[in-house]
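Quick note: numbers below take in every heavy atom, side chains included, and nothing from hydrogens, waters or symmetry partners.
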Amino acid sequence: MLKIYAMESGKRELVECEEISAGTWVNLENPSDLEVQQVCAKTGLPEDMLKAALDEEERARIDIDGESTLIVIDIPVINEEKDTYVYSTLPLAIVFSEKYFVTVCLRDTAVLGDFVNNGVRNFDVNKRTRFIYQILYVNATKYLHYLGLIDRTANRIQQSLHRALKNTELIKLLDLDKALVYFSTSLNANQVVINRIKQMSTVKHYEDDNDLLDDVIIENRQAIEMASIHREVLSGTMDAFASVISNNQNIVMKLLTAITILLTIPTLIASLWGMNVQVPLAGAPYGFWVILGVIVAILIPVVIIMIRKNMF
């Protein structure tokens, strides 16, 4: 999908327009080859730069080709699967030159959605450096927001595990742990990109935007620390609950073994007296009660031993 935006004359609001021109923002969401070619023909930006973010495995990086600059960062996304949410990351490409500014991603994202909905203060498409910094800042805050959601989801799952230990709950925790791995890796890669942006000559640095860049660095580092902390806590929680489940299984097996032993004794004795041969007390008036008494006499010391061995 191809969308073109520009600042409305006399207002600081973003509006959608029809034609690509200097000073506009071109946003491509899972574009077709035809849309990519149209943008390339109009802007003169390299096609390989515009297609960089269309590879889900593309790493965060910066590339310069003549007057064109490519910045690829990883952004957090949520995928809904069955009755749960799966957190992951996708590459977002920022491609710009002196006159044109293009963003490319495989799907509609909450990061760029804030700009489209005029939810970012002091946003101006014409201020390219600030626009880049604002995208990086919003991206870092989205990571922090999603990390908070992951933490709350993990807490709910842990409460469920306290009530009933099930493998399904551990699998959900495993999915969250995997998401934290993706987040941690992407945030560290983004930090490298941010540090390099500070040293780039193709990005014009303005004194008024230095505070914003400092905020971007702080937010991203905080997200890195939060991802690391949540990952360590979640890993420890998973190990603890896995041990509890294993211990409970051992307790159940021990109880079943004790019950099996107790049932085996009367079954063995009853089988001996049920054979088709002559046995003691066969036909005696009180034979049944005598045999029952023998069974009870054997079971009592066995039960006492099992209790002392904590088999119940």
Side-chain angles (χ1 to χ4, degrees), residues 56-61 72-92 105-107 109-114 134-196 213-253:
E56 293 186 8
E57 304 300 325
E58 184 69 35
R59 59 185 177 83
R61 61 186 176 91
V72 180
I73 60 173
D74 289 322
I75 62 173
V77 295
I78 301 180
N79 301 312
E80 187 174 356
E81 294 184 5
K82 296 181 180 179
D83 59 342
T84 186
Y85 293 100
V86 178
Y87 299 86
S88 184
T89 59
L90 278 178
L92 169 67
C105 191
L106 279 170
R107 56 178 285 185
T109 68
V111 174
L112 297 180
D114 288 351
Q134 287 174 326
I135 290 176
L136 295 173
Y137 182 81
V138 172
N139 188 46
T141 57
K142 292 299 179 184
Y143 271 109
L144 289 171
H145 175 65
Y146 289 165
L147 285 169
L149 293 179
I150 289 175
D151 184 51
R152 289 194 288 272
T153 302
N155 289 335
R156 287 197 299 269
I157 295 174
Q158 290 173 28
Q159 293 298 324
S160 299
L161 280 170
H162 281 298
R163 294 191 296 268
L165 298 176
K166 298 180 180 179
N167 289 335
T168 53
E169 307 299 335
L170 282 179
I171 292 174
K172 290 180 180 179
L173 289 180
L174 181 62
D175 290 337
L176 293 180
D177 185 64
K178 183 169 66 174
L180 289 175
V181 173
Y182 290 149
F183 278 19
S184 181
T185 303
S186 297
L187 284 166
N188 281 291
N190 287 348
Q191 188 65 40
V192 174
V193 170
I194 293 170
N195 292 336
R196 189 178 172 192
L213 181 57
D214 291 337
D215 290 340
V216 170
I217 295 173
I218 292 172
E219 291 292 314
N220 200 75
R221 286 178 177 171
Q222 183 179 355
I224 291 174
E225 293 175 0
M226 283 188 62
S228 178
I229 292 171
H230 289 332
R231 185 181 175 189
E232 291 179 4
V233 171
L234 192 58
S235 296
T237 302
M238 289 176 60
D239 291 341
F241 278 115
S243 298
V244 171
I245 290 176
S246 178
N247 184 59
N248 287 349
Q249 184 180 15
N250 291 335
I251 293 173
V252 172
M253 292 301 297

Centroid-centroid under 6.0 Å between Tyr182 and Tyr87 rings = no

Quick one, [X] and [Y] - any side-chain contact, counting heavy atoms below 4.5 Å?
| X | Y | value |
| --- | --- | --- |
| Ile73 | Ile135 | yes |
| Leu180 | Leu234 | yes |
| Val192 | Arg59 | no |
| Asn220 | Ile224 | yes |
| Tyr146 | Thr89 | no |
| Leu112 | Leu92 | yes |

Which atom names give the shortest non-hydrogen contact between [X] and [Y], and what distance separates them?
| X | Y | result |
| --- | --- | --- |
| Met226 | Leu144 | SD-CD2, 3.4 Å |
| Lys142 | Pro76 | CB-CG, 3.9 Å |
| Leu149 | Ile78 | CD1-CD1, 4.4 Å |
| Ala223 | Ala140 | CB-O, 4.4 Å |
| Ala189 | Ala60 | CB-CB, 3.7 Å |
| Asp215 | Tyr137 | CB-CE1, 3.8 Å |

OG of Ser228 to CD of Glu225, rounded to nearest 0.5 Å, is 8.5 Å

Any chance you could measure Leu90, atom CG, to Leu106, atom CG, to the nearest 0.5 Å?
-> 6.0 Å

Keeping [X] on the side-chain end and [Y] on the backbone end, is there a donor-acceptor pair under 3.5 Å?
| X | Y | answer |
| --- | --- | --- |
| Asp151 | Leu147 | no |
| Asn190 | Asp74 | yes |
| Ser184 | Val181 | no |

List the steps and the verdict of side-chain contact (heavy atoms from CB on, under 4.5 Å) for Ile217 and Ile194.
-> CA-CA 7 Å; Ile217 295 173; Ile194 293 170; 3.7 Å; yes

Do Leu176 and Lys172 pass the side-chain contact (heavy atoms from CB on, under 4.5 Å) test, and can you show the C-alpha distance, the side-chain angles, and the key distance before you say yes or no?
-> CA-CA 6 Å; Leu176 293 180; Lys172 290 180 180 179; 5.9 Å; no

Results of side-chain contact (heavy atoms from CB on, under 4.5 Å) for Val233 - residues two or more places apart only = Ile229, Thr237

